[in-house]
Engineer: 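Next up is a structure, given as structure tokens.
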Protein chains: 2
Amino acid sequence: MAASSDNSVGIVATQHVRVVEADDPMPLDCGKMLGPIDVAYETYGQLTPERDNVVLICHALSGDAHVAGVHGPDDRKPGWWDIMVGPGKGIDTNKYFVICSNVLGGCRGTTGPGSIDPATGRPYGLTFPIVTIGDMVRVQKRLLDKLGIERVLCVLGGSMGGMQALQWAVRYPETIHAAAVIASTTRLGAQAIAFDAVGRNAILADPNFAGGGYPEDQPPVSGLGIARMIGHITYLSEKSMHEKFGRALRRADNYSYDFASEFAVETYLDYQGQTFVERFDANSYLYITKAMDYFDLAAEAGGDLTAALSRTHSRFLVLSFSSDWLFTPRQSEDICDTLTGLCRPVRYCNIESPYGHDAFLLEPDTLGRILSGFLDSMHREVRGQAQPTALPSPSPGETDPDPRRARVDYELIEALIEPGSRVLDVGCGDGELLARLVRDKGIQAEGIEIDQEQVIRCIKRGLPVIHRDIERGVGTYCETCFDYAILSQTVQTLKDPARALLELHRVARRVIVSFPNFAHWGCRLQLLLGGRAPVTSQLPFEWHDSPNIHCLSLKDFDRFCRSLGLRIEKRIPLGTRRRRPIRACPNLLASQAVYVTSRA
Amino acid sequence: MAASSDNSVGIVATQHVRVVEADDPMPLDCGKMLGPIDVAYETYGQLTPERDNVVLICHALSGDAHVAGVHGPDDRKPGWWDIMVGPGKGIDTNKYFVICSNVLGGCRGTTGPGSIDPATGRPYGLTFPIVTIGDMVRVQKRLLDKLGIERVLCVLGGSMGGMQALQWAVRYPETIHAAAVIASTTRLGAQAIAFDAVGRNAILADPNFAGGGYPEDQPPVSGLGIARMIGHITYLSEKSMHEKFGRALRRADNYSYDFASEFAVETYLDYQGQTFVERFDANSYLYITKAMDYFDLAAEAGGDLTAALSRTHSRFLVLSFSSDWLFTPRQSEDICDTLTGLCRPVRYCNIESPYGHDAFLLEPDTLGRILSGFLDSMHREVRGQAQPTALPSPSPGETDPDPRRARVDYELIEALIEPGSRVLDVGCGDGELLARLVRDKGIQAEGIEIDQEQVIRCIKRGLPVIHRDIERGVGTYCETCFDYAILSQTVQTLKDPARALLELHRVARRVIVSFPNFAHWGCRLQLLLGGRAPVTSQLPFEWHDSPNIHCLSLKDFDRFCRSLGLRIEKRIPLGTRRRRPIRACPNLLASQAVYVTSRA
């Protein structure tokens, strides 16, 4: 039976618990009271004796409590995130105690508009109060209280699940150690609201909707189907949709010349609409999309996102997908920028994927490696264990350590940095230098790295790292957030070194820069006598394939620092063997140099 | 009265003409016959005695024949493209005789599903045959026949109007001199079909639709409104939508906690839906979107776009907008790539705009300058007049000629090129060199240029030019399409010079390359004695702000050509004064060089 193979959680059952009693209703954000509230939930894995391994998963718009496994021996359809949750999977049920509950307002076991209103004995329908993401999270907190769980290692979710994770971090900062926010946003933009609104319009306009009072066997099929189709288009990328369907026709090579669905993409959407209607309730669709539209984390603090996120104490992992146009990478970057502006370390990766917003359900390999690395490092952290300074050999899908870093003189840079400093390594590769500095100097480490695989290795090591091309700017770290920023063997590859240097001096008190010396005697002689662009052990590239887009010497850099108003605190000319600084004629004899600079 | 000010065509009237008689119906692509067919059209401007100034405008999905001017002294709402069409405007009615007709299947005067079926005496409704873009164009051809117009200077349109322009170019290659295809595509992708299909579903599901037989005063308001809302979202960019509406609420600062439209973007869409219903017919919406979904220019030639476009004889202007995600710049580039692959010269510009697909209605300045320049050059062409080699001083919004080109030795390059050659100038700037070569050597000129304003100046000059960053590749020109490709003062600024050189040698028999010599004695001495990255008159940049990302000498380039298997046919080392080649020690004494290379 494929569905409960070795790496499945096997047969599971949805459980139900009353978290709010009828006689003690819960206040909602809209000002109304609601009770009773029942919650449907599932759990997988075992709680440790220390009760320190709880992972709370929050589901998206159309999800439910059934994340993993099957509901019976003949159930062929495993839970909605079975690829990610199970023994040995990204969220490893051998290690973690996983909980997921259906959201308030949903239609899969938790109290929602389809539940019986005790006041009337009939389903609420549109008399159900408007609920918010905040209300959903309140109910989840009550569930944890019922289960006797006081601390959550990590709350995580994709899309609307990510909103709940953010809400958890702001509302219950002491309860959660970490939050993983996947393909999500602190608030919808106008376009996403517009798509939701049109979907709701379609439901409300369906005559079967009957003001929300439709009988169970006569739901507003066409309205909900249209809403689902609109949603579904926004979950896929244009590219992946076209690659999957193109202009293929369902039945024939020739057009039917009528208004029947004939393009494969039309019949696919018809099918998506139809199957959705079978498993989802139109009223819940209205309530949940409205909750998403209303969600605005900044509103928690009078419209100030920075103030809202300043209430959090948790670690953050923020993930986006390159082709997600519903909740864009830019929206995830905004979360990171706000957190780094608060001096909060954050892990961010923009995962390369063609699958659009749905990628959080369709990229088990990359997402699994990141989540398992993050959860493991968080678990080590709450247990007070040291993070690894060495990484195991790359597993399949991972590349070798960054070759750029091989020539960095780690020992020299280590010697320059005072113990306990806060250090930003720009182009940190797999985090080797930062890990050594953490181990030997007890620094607070953060990195910026452009390569996805290196970012993943940093996350595995437990290092905060931002996936970013610094050509786009260093980011929004607050003023002199760091004691040191390191820019190793990179300045000569940047389009605008002046901007980068000035930005780094804004965020760090000192900047450590290393670069190859273009005025080394070997270069000079090659150009003078050979009449060719120099190729040396420090500049090992042909003129046309070099990543070094600028040539500079120690003299050039001295002048450059003066022109930028920077003070050179240390200037360490080095030979090829690197250990001892070169004293005499450094601009002629040094093949590279390390500078420590600060604002004058 | 603002609407008929000096630069309006003033008061105009829609005219009607029967182009197909009932007793001689027109065959349609679907296999059925249709007659009678009446066409609603408007014209502006005067036909010249030579009848050589006809501009045929094709409208988009929701447009009509009323392009410009007003319908009466109290009419406050001018035609849909009044900003572009009028005396002195982008499409100048002082120069051109402009015609636009409502499309077949429409609801604004031309025969469509709302017309009376002579067989029944009642409106066709869904018994109207499915029509295609090809059928629409056939009807337009019949209109021109009726008007006695044999030649069209330019057929043009945006969105679905661009599809018609493409269709014209393939179906009636002898009739049109030029086609301008704006924000359009040769075929919809899966996502665009999906949006159309959901919109149609909403109409078909509306109980008022009544199988298309709704009475005129009881149309399927909610279905058509939803379809329009979906469409409208796709016409705007996410960014412009968010900048316009953000998360603003219509009435209050606080949420209403119900399902009424409260976000500004919701009420805006409601309004768009409502007003659309007042002026547009639901059946026409079905027929016209279906025609767009069916449109596939490649299908004209058994699915081969190249074969289809090979039937055209016209000049092409292809325009896209950077933020258009409905018909993307990539789709416009596909048209250009196919045409250049056929050795057909093409003008392409990807206009920087935040307004998404709707930009073709919202960028009158840029679009107007391009269209007027293109139309004027086409008019000169059909009149056998020479294109200008000198440009007038830049008008507002235009920049000065490209400073990059100032140091090119035009005379030297001119001397290298044989009369009548076909020449591609890569990084052609404002086309000055190409224009001189056309004038003095009678060459066939084409250019590639990255800067939008320079591209516009080339188009004004009548030069075929592709708006493109050659870092993305030279393009799909066919093998040895050109006698010469020119790469002037650019090779040292390219990330991958090897790729660029090889691509240019694929498309051209000879490549003329010029670059500054990094091994000039001045550079050598500066590095040797000064120990700094050289700054000379040929290399006038500081190390950190130089666009030159590679340093190369004559020796380097000699070796490079050998490594790429290229033959150096000429090697002309030049001094700073440039006129006479340097004979002795060129790698030491030349400050720059011009090479002519070919495949060995």
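Naming: A, B, ... by sequence-line order, numbering from 1 per chain. Just so you know, these numbers use all the heavy atoms, side chains as well, and skip hydrogens, waters and symmetry mates.
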Engineer: I'd like to know if the side chain of Ser546(B) reaches the main chain of Trp543(B), judged simply by a donor and an acceptor atom lying under 3.5 Å from each other, with no hydrogens or angles considered.
Structural biologist: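 Not confirmed, Ser546(B) side chain does not pair with Trp543(B) backbone.
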
Engineer: So which residue, Leu126(A), Asp258(A), Leu204(A), ends up with the most heavy-atom pairs under 4.5 Å with chain B?
Structural biologist: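 Looking at each option in turn, the highest pair count goes to Asp258(A).
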
Engineer: State whether the side chain of Arg228(A) and the backbone N or O of Val277(A) hold a donor-acceptor pair below 3.5 Å, judged by distance alone.
Structural biologist: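 Absent.
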
Engineer: Looking at Phe263(A), Tyr287(A), Phe245(A), Tyr255(A), which makes the most heavy-atom pairs under 4.5 Å with chain B?
Structural biologist: Tyr255(A)

Engineer: Are the charged groups of Asp558(A) and Arg562(A) less than 4.0 angstrom apart, N to O?
Structural biologist: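 No.
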
Engineer: Between Arg330(B), Arg532(B), Glu243(B), Gln191(B), which has the largest tally of heavy atom pairs under 4.5 Å with chain A?
Structural biologist: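 Top option by heavy-atom pairs under 4.5 Å: Arg532(B).
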
Engineer: May I ask you to name which of Leu588(A), Val198(A), Asp196(A) has the most heavy-atom pairs under 4.5 Å with chain B?
Structural biologist: Val198(A)

Engineer: Report which part of Phe518(B) has an atom under 4.5 Å of a heavy atom belonging to chain A: side chain, backbone, both, or neither.
Structural biologist: both

Engineer: Do Thr267(B) and Asp270(B) pair up side chain to side chain, a donor and an acceptor below 3.5 Å, judged on atom types alone?
Structural biologist: no

Engineer: Using non-hydrogen atoms and a 4.5 Å limit, figure out which bit of Phe560(A) sits close to chain B: side chain, backbone, both or neither.
Structural biologist: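 Side chain only.
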
Engineer: Looking only at heavy atoms and a cut-off of under 4.5 Å, which of Leu236(B), Leu529(B), Val265(B) has the most pairs with chain A?
Structural biologist: Val265(B)

Engineer: Under a 4.5 Å heavy-atom cut-off, does chain B meet the side chain of Leu269(A), its backbone, both or neither?
Structural biologist: side chain

Engineer: Heavy-atom distance under 4.5 Å to chain B: side chain of Leu494(A), backbone, both or neither?
Structural biologist: neither

Engineer: Hey, which of Trp521(A), Phe557(A), Tyr268(A), Trp325(A) has the most heavy atom pairs under 4.5 Å with chain B?
Structural biologist: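 Max contact count across the listed options: Trp325(A).
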
Engineer: Quick one: are Leu188(A) and Phe327(A) in side-chain contact, heavy atoms under 4.5 Å?
Structural biologist: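 Yes; the side chains approach each other to less than 4.5 Å.
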
Engineer: So what's closer than 4.5 Å to chain A heavy atoms on Asp293(B): side chain, backbone, both or neither?
Structural biologist: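 Both parts, backbone and side chain.
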
Engineer: I'd like to check His232(B) versus Met241(B) (side-chain heavy atoms, cut-off strictly below 4.5 Å). Are they in contact?
Structural biologist: no

Engineer: Using a 3.5 Å distance criterion without hydrogens, assess whether the side chain of Asn283(B) forms a donor-acceptor pair with backbone atoms of Gly212(B).
Structural biologist: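 Yes.
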
Engineer: With no hydrogens and no angle check, just 3.5 Å: does a side-chain donor-acceptor pair link Asp556(A) and Ser553(A)?
Structural biologist: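 Their side chains do contain a donor-acceptor pair, which is all the 3.5 Å distance test asks for.
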
Engineer: What residue, out of Glu238(B), Lys239(B), Met229(B), has the most heavy-atom pairs lying under 4.5 Å from chain A?
Structural biologist: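 Of Glu238(B), Lys239(B), Met229(B), Glu238(B) has the most heavy-atom pairs under 4.5 Å with chain A.
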
Engineer: Are Ile203(B) and Tyr285(B) packed together at the side-chain level, in the sense that at least one heavy-atom pair is separated by less than 4.5 angstrom?
Structural biologist: yes

Engineer: Taking Thr328(B), Asp545(B), Ile230(B) one by one, which has the highest count of heavy-atom pairs under 4.5 Å against chain A?
Structural biologist: Ile230(B)

Engineer: Heavy atoms, side chains only, cut-off 4.5 Å: are Thr185(A) and Phe295(A) in contact?
Structural biologist: no

Engineer: Sort out for me which of His520(A), Glu266(A), Glu542(A), Arg559(A) touches chain B most, counting heavy-atom pairs under 4.5 Å.
Structural biologist: Arg559(A)

Engineer: Identify which part of Leu554(B) has an atom lying under 4.5 Å from any heavy atom of chain A, answering side chain, backbone, both or neither.
Structural biologist: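 It is neither, since no heavy atom gets under 4.5 Å.
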
Engineer: When heavy-atom pairs shorter than 4.5 Å are enumerated against chain A, which of Ile233(B), Thr132(B), Asp206(B) gives the highest number?
Structural biologist: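 Option with the greatest count: Ile233(B).
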
Engineer: Under a 4.5 Å heavy-atom cutoff, which of Asn517(A), Leu525(A), Leu528(A) has the most pairs with chain B?
Structural biologist: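 Counting heavy-atom pairs under 4.5 Å, the top option is Leu528(A).
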
Engineer: State, yes or no, whether a side-chain contact exists between Tyr257(B) and Asp29(A) at a heavy-atom distance under 4.5 Å.
Structural biologist: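 Yes, side chains in contact.
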
Engineer: Heavy-atom cut-off 4.5 Å, strictly under: side chain, backbone, both or neither for Arg200(B) against chain A?
Structural biologist: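 Contact with chain A involves the side chain of Arg200(B) alone.
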
Engineer: With a 4.5 angstrom heavy-atom cut-off, could you sort out which part of Asn201(A) is near chain B: side chain, backbone, both or neither?
Structural biologist: both

Engineer: Non-hydrogen atoms of chain B under 4.5 Å away: do they reach the side chain of Lys32(A), the backbone, both or neither?
Structural biologist: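 Neither part; nothing is under 4.5 Å.
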
Engineer: Without swapping roles, check the side chain of Gln492(B) against the backbone of Phe515(B) for a donor-acceptor pair under 3.5 Å.
Structural biologist: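 Not a single qualifying donor-acceptor pair exists.
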
Engineer: Are the side chains of Phe209(A) and Leu286(A) in touch, meaning some heavy atoms are under 4.5 Å apart?
Structural biologist: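 When only atoms from C-beta onward are counted, Leu286(A) and Phe209(A) do touch, with a gap below 4.5 Å.
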
Engineer: Out of Arg247(B), Lys555(B), Arg187(B), return the one with the most heavy atom pairs under 4.5 angstrom to chain A.
Structural biologist: Arg247(B)

